[in-house]
Amino acid sequence: MTKKQRYEHVLNFFQEHIPDAETELIYDNPFQLLVAVILSAQCTDKRVNLTTPALFRKYPTPQKMAAADFDDLFPLIRSISYPNNKTKHLIGMANMLLEKFNGQVPMTVDELVQLPGVGRKTANVITSVIDEQPNMAVDTHVFRVSKRIGLVSAGASTPLAVEKELIRHIPEHMVHRAHHWLILHGRYVCVARNPKCHECPLTQWCKYYETFVAPYAGQD
DNA sequence: ATCCCGAGGG
DNA sequence: CCCTCTGGAT
């Protein structure tokens with residue numbers, strides 16, 4: 001099967017079977033989304049949404065957050081993973097917004113990744129969600145699923161390499177939805193350990209299934 | 001026990 | 001490339 005056919009089958013399947021409503025981060029401006037995405041590393045969106053209302057109430061703007069005291073901000077995000085790092089990142093990020101970006105959230109990946117706590121994945125989320133740029137944020141799910149089902153070559157060993165391959169093959173207007181579908185599929189079916197291949201309708205096009213599951217079918 | 005839509009530093 | 005950070009849900 002050609003790579004082109006593989007993409008057609010997979011994207012078509014996602015379009016028909018995966019709903020695109022799910023728990024998502026709550027925000028009402030770019031600054032709030034940036035904060036929420038920084039907080040979301042290794043943490044569920046649900047828990048982030050539980051902490052952000054109080055955080056945004058106390059630090060509604062980059063100006064307020066830049067002036068925040070570590071010991072005042074920390075308790076507000078104490079229940080999230082890596083509260084120490086994230087407190088430093090938020091205050092540092094807000095300061096750089098003021099110093100380098102005129103108090104505005106920049107809207108290019110190259111500028112965003114300069115901010116403390118903002119890596120390529122976060123920058124791609126911000127630019128694709130806020131500005132509808134056709135960027136693909138490669139998190140752990142997208143990385144794993146893309147490789148398993150053969151959307152990218154097995155040799156793509158970094159998130160950046162996977163990102164570039166996906167972008168090359170997915171039509172621009174589908175990038176955002178494809179991102180969401182890959183995440184949902186990875187979260188509920190194509191999970192990291194013991195993927196639920198028995199309930200996956202993609203097995204007939206899946207490299208992982210072909211190599212690691214099908215040859216052992218019937219054995220136990 | 002193992003996993004969550006990672007980033008920074010060595 | 002590796003390691004560390006680090007809480008909550010299941």
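Labels below follow one simple rule: chain letters A, B, ... track the order of the sequence lines, proteins then strands, and each chain is numbered from 1. These values consider heavy atoms only, across backbone and side chains, with no hydrogens, waters or symmetry-generated copies.
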Distance in angstrom units between A/I77 CD1 and B/dA7 P, rounded: 15 Å
field: Sugar-phosphate, base or nothing in reach of A/P116, heavy atoms under 4.0 Å
entry: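 It contacts sugar-phosphate atoms only.
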message: Side chains of A/Q133 and A/D131: any donor to acceptor distance under 3.5 Å?
response: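 A/D131 vs A/Q133: donor-acceptor pair found between side chains.
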query: Of the nucleotides B/dC4, C/dC5, C/dT6, which has the atom closest to the A/N85 side chain?
result: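 The answer is C/dC5, which lies nearest to the side chain.
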- prompt: Which value, in whole Å, describes the distance between the C1' atoms of nucleotides C/dG7 and B/dG9?
  reply: 22 Å
message: Return whichever of A/G186 or A/R120 has its heavy-atom-nearest nucleotide of DNA chain B closer to the 5' end.
response: A/G186
- prompt: Does OP1 or OP2 of B/dG6 have a side-chain N or O of A/S40 closer than 4.0 Å?
  reply: no
- request: Could you give the distance separating B/dG10 and C/dT6 at their P atoms, to the nearest angstrom?
  value: 16 Å
- prompt: Nearest-Å distance, CG (A/L50) to P (C/dA9)?
  reply: 9 Å
Carboxylate-amine/guanidinium contact A/E163 A/K121, below 4.0 Å: no
- request: Just do the side-chain contact (heavy atoms from CB on, under 4.5 Å) check on A/I38 and A/M93 with the steps written out, would you?
  value: CA-CA 10 Å; A/I38 289 173; A/M93 175 275 285; 4.1 Å; yes
- request: Indicate whether OP1 or OP2 belonging to B/dC4 is found under 4.0 Å from a side-chain N or O atom of A/R187.
  value: no
task: Mind checking A/V118 for me? I need base, sugar-phosphate or nothing, with any heavy atom below 4.0 Å counting as a touch.
output: sugar-phosphate
task: Among the candidates B/dA7, B/dC5, C/dT6, find the nucleotide nearest to the side-chain atoms of A/T122.
output: B/dA7
- request: Assign A/I80 to base, sugar-phosphate, or nothing according to its heavy-atom contacts below 4.0 angstrom with the strands shown.
  value: sugar-phosphate
query: Among the nucleotides B/dC4, C/dG7, B/dC5, which one has an atom lying closest to any side-chain atom of A/R144?
result: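 For A/R144, the side-chain atoms sit closest to B/dC4.
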query: Separation of A/Q42 atom CD from B/dT2 atom P, in whole Å?
result: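 Value for this atom pair: 16 Å.
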query: Base, sugar-phosphate alone, or nothing: which one does A/S79 contact when heavy atoms must sit under 4.0 Å apart?
result: sugar-phosphate
query: Rounded to whole angstroms, how far apart are CZ on A/F143 and P on B/dC5?
result: 17 Å
query: Do the side-chain N or O atoms of A/R47 get closer than 4.0 angstrom to the phosphate oxygens (OP1, OP2) of C/dG7?
result: no
task: Respond yes when some side-chain nitrogen or oxygen of A/R193 is under 4.0 Å from OP1 or OP2 of B/dC3, and no when none is.
output: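 True: A/R193 side-chain N/O within range (under 4.0 Å) of B/dC3 OP1/OP2.
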- prompt: Do A/M174 and A/V142 belong to the same hydrophobic cluster, where Ile, Leu, Val, Met, Phe, Trp and Tyr are linked whenever their side-chain heavy atoms lie under 4.5 Å apart, directly or via other members?
  reply: yes
message: Between C1' on B/dC3 and CG on A/N194, what's the gap in Å once rounded to a whole number?
response: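 Rounded to the whole Å, the gap is 13 Å.
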field: Length of the line joining A/K86:NZ and B/dC4:C1', which is rounded to integer Å
entry: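 After rounding, the gap between these two atoms is 10 Å.
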Phosphate contact (C/dT6 OP1 or OP2) by A/N84 side-chain N/O below 4.0 Å: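 For C/dT6, OP1/OP2 do have a side-chain N/O of A/N84 under 4.0 Å.
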task: Could you tell me the separation between the NZ atom of A/K196 and the P atom of B/dC3, rounded to a whole number of Å?
output: 12 Å
- request: Quick one: label A/L39 by what it contacts on the DNA or RNA (base, sugar-phosphate, nothing), any heavy atom closer than 4.0 Å.
  value: nothing
Protein-nucleotide distance (A/Q114, atom CD; B/dA7, atom P), rounded to Å: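 Checked: the CD to P distance equals 15 Å.
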message: Please report the distance separating the C1' of B/dC3 from the corresponding atom of C/dC5, rounded so that it comes out in whole Å.
response: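 To the nearest whole Å, 16 Å.
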- prompt: Does A/E165 pair with A/K3 as a salt bridge, N-O distance under 4.0 Å?
  reply: yes
message: Would you measure the distance from the P atom in C/dC2 across to the matching atom in B/dC5 and give it in whole Å?
response: 24 Å
message: In this structure, would A/F74 and A/I80 fall into the same cluster of hydrophobic residues linked by side-chain contacts under 4.5 Å?
response: no
